[in-house]
Peer 1: 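If you scroll down you'll find the structure; I have some questions about it.
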Amino acid sequence: MGKGARIYKDFIDRLVKLSRKCASETAVKRGYLPWNDWYAPAVNEILSKLDQREREALGAFVLDAYHAGIHDTLADLEWMRCCKSMTITAEGETLPIGEYEGMHCDYVGRREDWEWPDE
């Protein structure tokens with residue numbers, strides 16, 4: 001496997017790892033947003049009224065939105081690759097982003113524990 005393919009696969013696998021947990025999901029499940037964003041006090045008020053089962057469900061929803069954001073970003077990058085001839089380079093290597101199933105599909109597949117094809 002070439003260096004560019006290894007970098008690409010590592011990139012997708014890092015995104016999969018990120019999609020398994022996020023700070024907002026954890027905070028919702030705990031019932032408190034510790035940061036100072038403008039919406040935190042209102043969200044904390046809502047969270048205080050929920051039981052643990054409801055916070056778990058809301059946390060799962062937040063994590064799914066996080067995952068969808070990663071997916072949608074990759075889908076747009078894939079569109080740029082297909083329609084605008086975009087390439088991505090890292091460490092001087094052009095990544096083979098069109099060599100597999102497409103960035104967003106590679107992400108979904110790896111998230112579902114599909115194996116990378118043998119080189």
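Remember, predicted model here, so these are calculated numbers, not experimental data.
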Peer 1: With sequence neighbours left out, what residues match Asp13 under salt bridge (charged side-chain N to carboxylate O under 4.0 Å, His left out)?
Peer 2: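 Residues passing salt bridge (charged side-chain N to carboxylate O under 4.0 Å, His left out) with Asp13: Arg110.
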Peer 1: Once ring-ring contact (aromatic ring centres under 6.0 Å, His included) is applied, what residue pairs with a partner in residues 46-96 remain, sequence neighbours excluded?
Peer 2: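 Applying ring-ring contact (aromatic ring centres under 6.0 Å, His included) to every pair that reaches into residues 46-96, excluding sequence neighbours, yields His67-Tyr107, His71-His104.
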Peer 1: Could you report the tightest heavy-atom contact between Met103 and Tyr8, atom names first, then the distance?
Peer 2: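 Taking every non-hydrogen atom into account, CA-OH, 3.4 Å.
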Peer 1: Would you check if Arg6 and Phe11 make a side-chain contact, meaning some heavy-atom pair closer than 4.5 Å?
Peer 2: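 A side-chain contact under 4.5 Å is absent here.
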Peer 1: According to the ring-ring contact (aromatic ring centres under 6.0 Å, His included) rule, which pairs have a member within residues 26-48, sequence neighbours left out?
Peer 2: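 Sorted pair list comes back empty.
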Peer 1: Using salt bridge (charged side-chain N to carboxylate O under 4.0 Å, His left out) as the criterion, list what pairs up with Glu45, not counting sequence neighbours.
Peer 2: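 If we apply the salt bridge (charged side-chain N to carboxylate O under 4.0 Å, His left out) test to Glu45, skipping adjacent residues, the hits are Lys49.
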Peer 1: Closest heavy-atom contact between Ala27 and Pro34?
Peer 2: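 Taking Ala27 first and Pro34 second, the nearest heavy atoms are CB-CD, 4.0 Å.
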Peer 1: Quick one: are Trp114 and Asp106 in side-chain contact, heavy atoms under 4.5 Å?
Peer 2: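 No, every pair of side-chain atoms sits at 4.5 Å or beyond.
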Peer 1: How would you list, by chain and number, every residue that makes a salt bridge (charged side-chain N to carboxylate O under 4.0 Å, His left out) with Arg81, sequence neighbours excluded?
Peer 2: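 Counting only residues at least two positions away or on another chain, Arg81 forms a salt bridge (charged side-chain N to carboxylate O under 4.0 Å, His left out) with Glu78.
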Peer 1: I want to check something: taking the side chain as every heavy atom from C-beta on, are Asp10 and Ile7 in contact at a cut-off of under 4.5 Å?
Peer 2: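 A side-chain contact is absent here, since even the closest heavy-atom pair is not under 4.5 Å.
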Peer 1: Using a 4.5 Å cut-off on heavy atoms from C-beta on, say whether the side chain of Tyr100 contacts that of Ile12.
Peer 2: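 The answer is no, as the side chains (C-beta and beyond) never meet within the 4.5 Å cut-off.
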Peer 1: Using the salt bridge (Lys or Arg N to Asp or Glu O under 4.0 Å) rule, collect all pairs that involve residues 17-29, keeping only residues at least two apart or in two chains.
Peer 2: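 Non-adjacent pairs meeting salt bridge (Lys or Arg N to Asp or Glu O under 4.0 Å): Arg20-Asp113, Lys21-Glu25, Glu25-Lys29, Lys29-Glu56.
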Peer 1: When rounded to the nearest 0.5 angstrom, what is the spacing between CZ in Arg111 and SG in Cys105?
Peer 2: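 Interatomic distance, Arg111 CZ to Cys105 SG, rounded to 0.5 Å: 14.0 Å.
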Peer 1: Please output the side-chain donor-acceptor pairs of residues 83-91 that fall under 3.5 Å, not counting sequence neighbours, one pair per line with the distance.
Peer 2:
| unit_1 | atom_1 | unit_2 | atom_2 | d |
| --- | --- | --- | --- | --- |
| Glu91 | OE1 | Lys3 | NZ | 3.4 |

Peer 1: Does Met1 form a side-chain contact (heavy atoms from CB on, under 4.5 Å) with Lys9? I'd like the steps, not just the answer.
Peer 2: CA-CA 10 Å; Met1 170 184 355; Lys9 289 177 179 182; 3.8 Å; yes
Peer 1: Look up atom CD1 in Ile46 and atom CG in Leu58, then write down how far apart they are to the nearest 0.5 Å.
Peer 2: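 Reported value, rounded in 0.5 Å steps: 8.5 Å.
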Peer 1: How long is the straight-line distance from CG of Leu63 back to OG1 of Thr26, given to the nearest 0.5 Å?
Peer 2: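 If we round to the nearest 0.5 Å, Thr26:OG1 and Leu63:CG are 8.5 Å apart.
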Peer 1: If I compare all heavy atoms of Ser24 with all of Val62, which pair ends up nearest, and what's the gap?
Peer 2: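 Looking at all heavy atoms of both residues, the closest pair is CB-CG1, 3.7 Å.
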Peer 1: Measure from the side-chain N and O atoms of Asn44 to the backbone N and O of Ala40, and report whether any donor-acceptor pair falls under 3.5 Å.
Peer 2: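 Yes; judged by distance alone, with no hydrogens or angles, the pair exists.
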Peer 1: Check side-chain contact (heavy atoms from CB on, under 4.5 Å) between Arg53 and all other residues, then give those that pass, not counting sequence neighbours.
Peer 2: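 By the side-chain contact (heavy atoms from CB on, under 4.5 Å) rule, Arg53 matches Asp51.
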Peer 1: So, do Val28 and Leu33 sit near enough that their side-chain heavy atoms are less than 4.5 Å apart?
Peer 2: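 Yes - at least one pair of side-chain heavy atoms lies under 4.5 Å apart.
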Peer 1: Should we say atom CD of Glu101 is surrounded by more than 12 heavy atoms from elsewhere, each under 6.0 Å from it?
Peer 2: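 Incorrect, the count does not exceed 12.
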